[in-house]
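Report on one structure; see the data block that follows.
No hydrogens, no waters, no symmetry mates; every other heavy atom, side chains included, goes into these values.
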Amino acid sequence: MEKPLTVLRVSLYHPTLGPSAFANVPPRLQHDTSPLLLGRGQDAHLQLQLPHLSRRHLSLEPYLEKGSALLAFCLKALSRKGCVWVNGLTLRYLEQVPLSTVNRVSFSGIQMLVRVEEGTSLEAFVCYFHVSPSPLIYRPEAEETDEWEGISQEQPPPGSG
């Protein structure tokens, strides 16, 4: 009897290029337990033709945790120029972070949401890709205000501190 594969459900979004940025992305990609490379190079398993993307930009790396019978995954930044944002952490060249069940990833203008659904196979995993028509990650941007101009510039009373 064949063991069920671990499934990575990957949603992709690009704010300016839209779905055309992901024209070469297959709906389904089954992969062995070697690192899955993402970039614009010919050797990337998932090729995206974007100008600021490195030939090898990042990798999804399956591994087996001690005492576990299920695949776990980490995401590793492979770009020397750009950085990758994962669940609030900024990764630079060769830094990596383990993935949880739901992961928010951003790099080179791309927003990616990765959901991990555990399976028992240790030989392979499968990725299902979905192109989202709307943003996947909402990070509040800092806004400049003139708030300080409205605050009184009074000196504290003597002896208060």
Side-chain angles (χ1 to χ4, degrees), residues 1-140:
M1 185 169 168
E2 197 170 308
K3 295 181 177 182
L5 298 175
T6 296
V7 173
L8 300 182
R9 296 201 182 273
V10 182
S11 295
L12 299 161
Y13 172 79
H14 195 284
T16 55
L17 299 176
S20 66
F22 310 110
N24 296 330
V25 174
R28 181 184 188 274
L29 176 65
Q30 186 169 326
H31 194 68
D32 59 18
T33 55
S34 65
L36 180 102
L37 298 174
L38 188 148
R40 61 178 173 78
Q42 293 298 318
D43 63 340
H45 301 104
L46 185 61
Q47 290 183 1
L48 302 174
Q49 298 305 317
L50 298 171
H52 299 292
L53 199 64
S54 297
R55 286 187 299 274
R56 291 178 158 211
H57 203 87
L58 59 88
S59 66
L60 285 169
E61 302 189 0
Y63 64 96
L64 195 58
E65 288 184 324
K66 186 176 181 177
S68 176
L70 301 173
L71 286 178
F73 293 84
C74 70
L75 190 138
K76 186 177 199 177
L78 300 176
S79 174
R80 293 179 191 269
K81 297 175 191 170
C83 62
V84 178
W85 181 87
V86 182
N87 296 330
L89 299 172
T90 300
L91 303 181
R92 305 247 180 249
Y93 180 61
L94 295 182
E95 292 181 331
Q96 62 187 20
V97 63
L99 295 182
S100 57
T101 304
V102 178
N103 305 274
R104 288 162 179 77
V105 181
S106 179
F107 58 96
S108 298
I110 295 171
Q111 294 180 7
M112 186 165 79
L113 188 66
V114 181
R115 287 185 166 85
V116 180
E117 298 173 4
E118 296 174 340
T120 55
S121 174
L122 300 179
E123 289 79 37
F125 64 96
V126 64
C127 295
Y128 289 100
F129 297 100
H130 164 74
V131 177
S132 175
S134 56
L136 301 166
I137 301 171
Y138 297 94
R139 289 192 289 174

Which residues share a side chain to side chain contact (heavy atoms under 4.5 Å, CB included) with [X], sequence neighbours left out:
| X | result |
| --- | --- |
| S68 | E65, L70 |
| L122 | L64, L71 |
| P15 | Y13 |

Side chain of H45, backbone of L37: donor and acceptor closer than 3.5 Å? yes
Any side-chain to backbone donor/acceptor pair from N87 onto R104? Under 3.5 Å, distance only. yes
Mind jotting down which residue pairs meet the salt bridge (Lys or Arg N to Asp or Glu O under 4.0 Å) criterion with at least one end in residues 6-23? Sequence neighbours excluded, please. R9-E117
Rounded to the nearest 0.5 Å, how far apart are [atom1] of [X] and [atom2] of [Y]?
| X | Y | atom1 | atom2 | value |
| --- | --- | --- | --- | --- |
| I137 | Q111 | CD1 | CD | 5.0 Å |
| Y63 | F73 | OH | CZ | 9.5 Å |
| L46 | C127 | CG | SG | 8.0 Å |
| M112 | L58 | CE | CG | 5.5 Å |
| L5 | E118 | CG | CD | 13.5 Å |

For a quick test of reading the model, state the closest non-hydrogen atom pair linking [X] to [Y] and the distance between them.
| X | Y | result |
| --- | --- | --- |
| L50 | A21 | CD2-CB, 3.9 Å |
| F129 | P26 | CD1-O, 3.1 Å |
| A77 | V84 | CB-CG2, 4.0 Å |
| V7 | Y128 | CG1-CD1, 3.6 Å |

State, with a plain yes or no, whether a side-chain heavy atom of [X] is found less than 4.5 Å away from one of [Y].
| X | Y | value |
| --- | --- | --- |
| L8 | L60 | yes |
| L17 | F22 | no |
| L12 | H14 | no |

Is Q42 atom CD crowded by more than 12 heavy atoms from other residues, nucleotides or ligands, each under 6.0 Å away? no
So the side chain to side chain donor-acceptor pair (under 3.5 Å) pairs with at least one residue in residues 48-62 (sequence neighbours excluded) are D43-R56, S54-S79, S59-E61
Test side-chain contact (heavy atoms from CB on, under 4.5 Å) on L36 and L29 and set out the steps. CA-CA 10 Å; L36 180 102; L29 176 65; 3.6 Å; yes
Could you give me the CA-CA distance, side-chain angles and deciding distance for V86 and F107, then say whether side-chain contact (heavy atoms from CB on, under 4.5 Å) is met? CA-CA 9 Å; V86 182; F107 58 96; over 6 Å; no
State which residue, out of I110, L75, L48, V105, fulfils the side chain to side chain contact (heavy atoms under 4.5 Å, CB included) condition with L38. L48
Donor-acceptor contacts under 3.5 Å from residues 91-100 side chains, at least two apart:
unit_1, atom_1, unit_2, atom_2, d
Y93, OH, R80, NH2, 3.0
E95, OE1, R92, N, 2.7
S100, OG, V102, O, 3.1
S100, OG, N103, OD1, 3.2

